[in-house]
Amino acid sequence: MKKTLLLQRLDEIGKVLENRGDVLALFGLGSVGIETDRIDEYSDLDFFVLVTPGNKQRYIDHLDWLEETHPLAYHFKNSELGHKILFEDGIYGEFAIFEELDLESALYTGGRMIWKQPSYTNEDILTGYIPSLKSSSIDHVIGEALTNIYVGLGRFARGEKLSALRFIESYPIDGLLSVMHLLEPEVAYYPDVFGNERRVEKRFPKFSSVLSGMLQGYDKVPESAIHLLNYLEEIYPIHPRMSSEIRALAEHCRK
């Protein structure tokens, strides 16, 4: 079972690190942090390793401590602090190495201690911090959405389909997700502080039921624009001139 394998692998990493005198703690994040109930066949390992001052680079540059746990099939250094990894048995993960002072500027939340030195007592490192992705200004989000749709349709008409797709099927959706908690009761299903799009289908089922119409793809951006505008008009008093301009431009794009 994937859940058992993931949690066992973290425990095994902890046992390897325990035998090294320059490591203070190992803690899991995400589905292997405090949300283990949501682990499924597609979950992976996200973890931080806390080391003593002066030893961070050694653990970033040399992954023998992971190879000792289980052979690696692939890895690449995705940041200055860590790697993305694939073990030979198919377990995928991401990790970062920190010294304690580094954690003060790190963005994370919801850590679960896997192992720590008995002498290390700072449990506050598990809390972490991440700025909220939610907004309280529906007015701003709607205004941005309308103007992005208009600009996007102009670019589609010019032949800039990729740019149009982003202006219509990406930016306005991101904005709506930031205020969706104000538009629809949110189902409490593991919201992700790093991405409002995570698990949106379960968190906002009403919005999700109409989302496909707004995301019809590269060649159908004008159709997506009309579906998006229809949705905006259902939830907010849209300026009639902007609405008529957008509909006319969308019709022009479809000819």
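Values below: all heavy atoms of this structure, side chains included; hydrogens, waters and symmetry mates excluded. Count residues from 1 along the sequence.
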Does [atom1] belonging to [X] count more than 12 external heavy atoms closer than 6.0 Å?
X: K206; atom1: NZ; answer: no
X: R166; atom1: CZ; answer: no
X: K161; atom1: NZ; answer: yes

Considering all heavy atoms, the nearest [X]-[Y] contact:
X: I168; Y: G152; answer: CD1-C, 3.7 Å
X: R38; Y: G30; answer: NH2-C, 3.5 Å
X: V32; Y: D44; answer: CG1-O, 3.9 Å
X: L29; Y: T109; answer: CD2-O, 3.8 Å
X: E99; Y: G54; answer: OE2-N, 2.8 Å
X: E67; Y: L72; answer: OE1-N, 3.2 Å

Rounded to the nearest 0.5 Å, how far does [atom2] of [Y] lie from [atom1] of [X]?
X: L183; Y: Y231; atom1: CG; atom2: OH; result: 5.0 Å
X: H239; Y: S244; atom1: NE2; atom2: OG; result: 9.0 Å
X: Q8; Y: T69; atom1: CD; atom2: OG1; result: 13.0 Å

Exercise. Kindly determine whether R9 and E12 satisfy salt bridge (Lys or Arg N to Asp or Glu O under 4.0 Å), including the steps that lead there.
Key: CA-CA 5 Å; R9 183 59 45 81; E12 291 164 359; 3.1 Å; yes

What about [X] and [Y], same hydrophobic cluster or not, with Ile/Leu/Val/Met/Phe/Trp/Tyr joined at side-chain heavy-atom distances under 4.5 Å?
X: F76; Y: Y92; result: yes
X: L162; Y: Y150; result: yes
X: L10; Y: W65; result: yes
X: F98; Y: Y120; result: yes
X: V221; Y: I226; result: no

Any side-chain heavy-atom pair from [X] and [Y] closer than 4.5 angstrom?
X: I173; Y: L211; result: yes
X: K3; Y: S31; result: no
X: F95; Y: L63; result: yes
X: D22; Y: Y59; result: yes
X: I13; Y: W115; result: no
X: N55; Y: R20; result: no
X: I60; Y: Q57; result: yes

Practice problem: Could you check L146 against Y236 for side-chain contact (heavy atoms from CB on, under 4.5 Å), going step by step and ending with a plain yes or no? | Solution: CA-CA 11 Å; L146 281 176; Y236 193 88; over 6 Å; no

Exercise. Can you label the angle between the H70 ring and the F87 ring as parallel, tilted or perpendicular, going by 30° and 60°?
Key: perpendicular

Quiz item: Should the ring pair F167 and Y171 be called parallel, tilted or perpendicular, given that the plane angle runs from 0 to 90° and is split at 30 and 60?
Solution: perpendicular

Quiz item: Given D64 and R58, is the salt bridge (Lys or Arg N to Asp or Glu O under 4.0 Å) satisfied, shown in steps?
Solution: CA-CA 10 Å; D64 54 316; R58 181 257 181 275; 2.9 Å; yes

Practice problem: Could you give me the CA-CA distance, side-chain angles and deciding distance for V210 and E234, then say whether side-chain contact (heavy atoms from CB on, under 4.5 Å) is met? | Solution: CA-CA 12 Å; V210 298; E234 289 178 6; over 6 Å; no

Self-check item: Trace of the side-chain contact (heavy atoms from CB on, under 4.5 Å) decision for F48 with I125
Solution: CA-CA 10 Å; F48 284 176; I125 63 169; over 6 Å; no

Self-check item: Chi angles and distances behind the side chain to side chain donor-acceptor pair (under 3.5 Å) call for T127, D124
Solution: CA-CA 6 Å; T127 304; D124 291 341; 5.2 Å; no

Exercise. Compute whether any side-chain donor of one residue and acceptor of the other, for N122 and E100, lie under 3.5 angstrom apart.
Key: yes

Quiz item: How far apart are the C-alpha atoms of K15 and E18, what are their side-chain angles, what is the distance that settles it, and do they pass the salt bridge (Lys or Arg N to Asp or Glu O under 4.0 Å) test?
Solution: CA-CA 5 Å; K15 289 177 182 177; E18 184 177 6; over 6 Å; no

